[in-house]
Amino acid sequence: MCLAIPARVTHVTRIDPAIDTAVVDLGGVSREVSIALVPEVEVGDYVLVHVGYALNRISEEEAQETLKLMAEMTRLLDAESGVADAAGIASASKFA
C-alpha cells in the first residue's frame, strides 16, 4: 500500500523542468521534493507527496480533510494498541 501525504509548498526552485524542486511543509517539518510531475505548482499550493515526489496539486480543503482523517486514524491506533506507530504510520496527528 502506498501513502501520499498532503503538504504545503513554501518555496519553489525552477532550474530545468526535469529537476525542478520545491520545499514543502509537512506538519512543521520542511522537506525538498521533486515537482517534475507537477511543474505548475506555486508557493502556497498543496500537493500530495510520496517518496520525495509531488504527485499532484490538491485544494487546501482536501489537504485539511485528509490530514484530519490521518490524525483520527492515529488516535484510533493509539486507543487500540497504545502505540502511535502501530501500523508503520508515523504520528499523523502532528500534520493536522
Side-chain angles (χ1 to χ4, degrees):
M1 178 171 99
C2 297
L3 179 66
I5 298 179
R8 188 177 59 80
V9 176
T10 60
H11 181 78
V12 174
T13 303
R14 295 193 189 337
I15 298 170
D16 174 298
I19 57 172
D20 288 350
T21 62
V23 175
V24 297
D25 176 31
L26 294 160
V29 176
S30 293
R31 291 285 186 249
E32 187 174 58
V33 299
S34 170
I35 57 170
L37 300 173
V38 283
E40 70 280 1
V41 164
E42 299 294 335
V43 170
D45 286 346
Y46 282 82
V47 293
L48 285 178
V49 176
H50 177 65
V51 294
Y53 287 88
L55 300 177
N56 63 307
R57 254 184 352 185
I58 60 172
S59 70
E60 180 176 0
E61 295 78 21
E62 185 177 359
Q64 294 304 325
E65 181 63 23
T66 301
L67 292 170
K68 192 166 97 176
L69 289 170
M70 291 174 74
E72 179 62 20
M73 191 167 61
T74 298
R75 279 190 287 281
L76 291 172
L77 286 171
D78 284 345
E80 198 172 286
S81 67
V83 179
D85 294 354
I89 300 168
S91 187
S93 60
K94 69 181 177 184
F95 298 119

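Heavy-atom basis, side chains included; hydrogens, waters and symmetry copies ignored.
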Original post:
Run the side chain to side chain contact (heavy atoms under 4.5 Å, CB included) check on L55 and V49 step by step: do they pass?
Top reply: CA-CA 6 Å; L55 300 177; V49 176; over 6 Å; no

Original post:
Does the pair E60 and Q64 meet the rule for a side chain to side chain contact (heavy atoms under 4.5 Å, CB included), with working shown?
Top reply: CA-CA 6 Å; E60 180 176 0; Q64 294 304 325; 4.2 Å; yes

Subject >> Residue pair R75, E72: steps toward the side chain to side chain contact (heavy atoms under 4.5 Å, CB included) verdict >> reply: CA-CA 5 Å; R75 279 190 287 281; E72 179 62 20; 3.3 Å; yes

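Proximity of M70 to P6: side-chain heavy atoms (C-beta onward) are separated by under 4.5 Å at one or more points.
Note: the hydrophobic cluster containing V38 does not contain Y46 (ILVMFWY, side chain heavy atoms under 4.5 Å, direct or indirect links). Placement of V43 and V41 within a single hydrophobic cluster is found when ILVMFWY residues are connected by side-chain heavy-atom separations under 4.5 Å, directly or transitively. Two different hydrophobic clusters hold L26 and L48 under the rule that ILVMFWY side chains link at heavy-atom gaps under 4.5 Å. Residue V33 is not grouped with residue I19 when hydrophobic side chains (ILVMFWY) are merged at heavy-atom distances under 4.5 angstrom, including chains of intermediate members. By the rule that hydrophobic residues join a cluster once side-chain heavy atoms approach within less than 4.5 Å of another member, V12 and V24 end up as members of one cluster.
Around the CZ atom of R14, the shell of radius 6.0 Å holds more than 12 heavy atoms that belong to other residues, nucleotides or ligands.
The two residues A54 and L37 make their nearest non-hydrogen contact at O-CB, 3.6 Å.
S34 places no side-chain N or O within donor-acceptor distance of the main-chain N or O of Y53, the cut-off being under 3.5 Å. One N or O on the side chain of D20 and one on the backbone of D16 form a donor-acceptor pair closer than 3.5 Å. Here the side chain of H11 pairs no donor or acceptor atom with the backbone of A22 at under 3.5 angstrom.
For the atom pair N56 CG and E40 CD, the distance stands at 9.0 Å (nearest 0.5 Å). Taking CD of E42 as the reference point, atom CZ of R57 lies at 8.0 Å (rounded to 0.5 Å). Separating the CD1 atom in I15 from the OG1 atom in T21 is a distance of 6.5 Å, to the nearest 0.5 Å. Taking CD of E62 as the reference point, atom CG of L67 lies at 10.5 Å (rounded to 0.5 Å).
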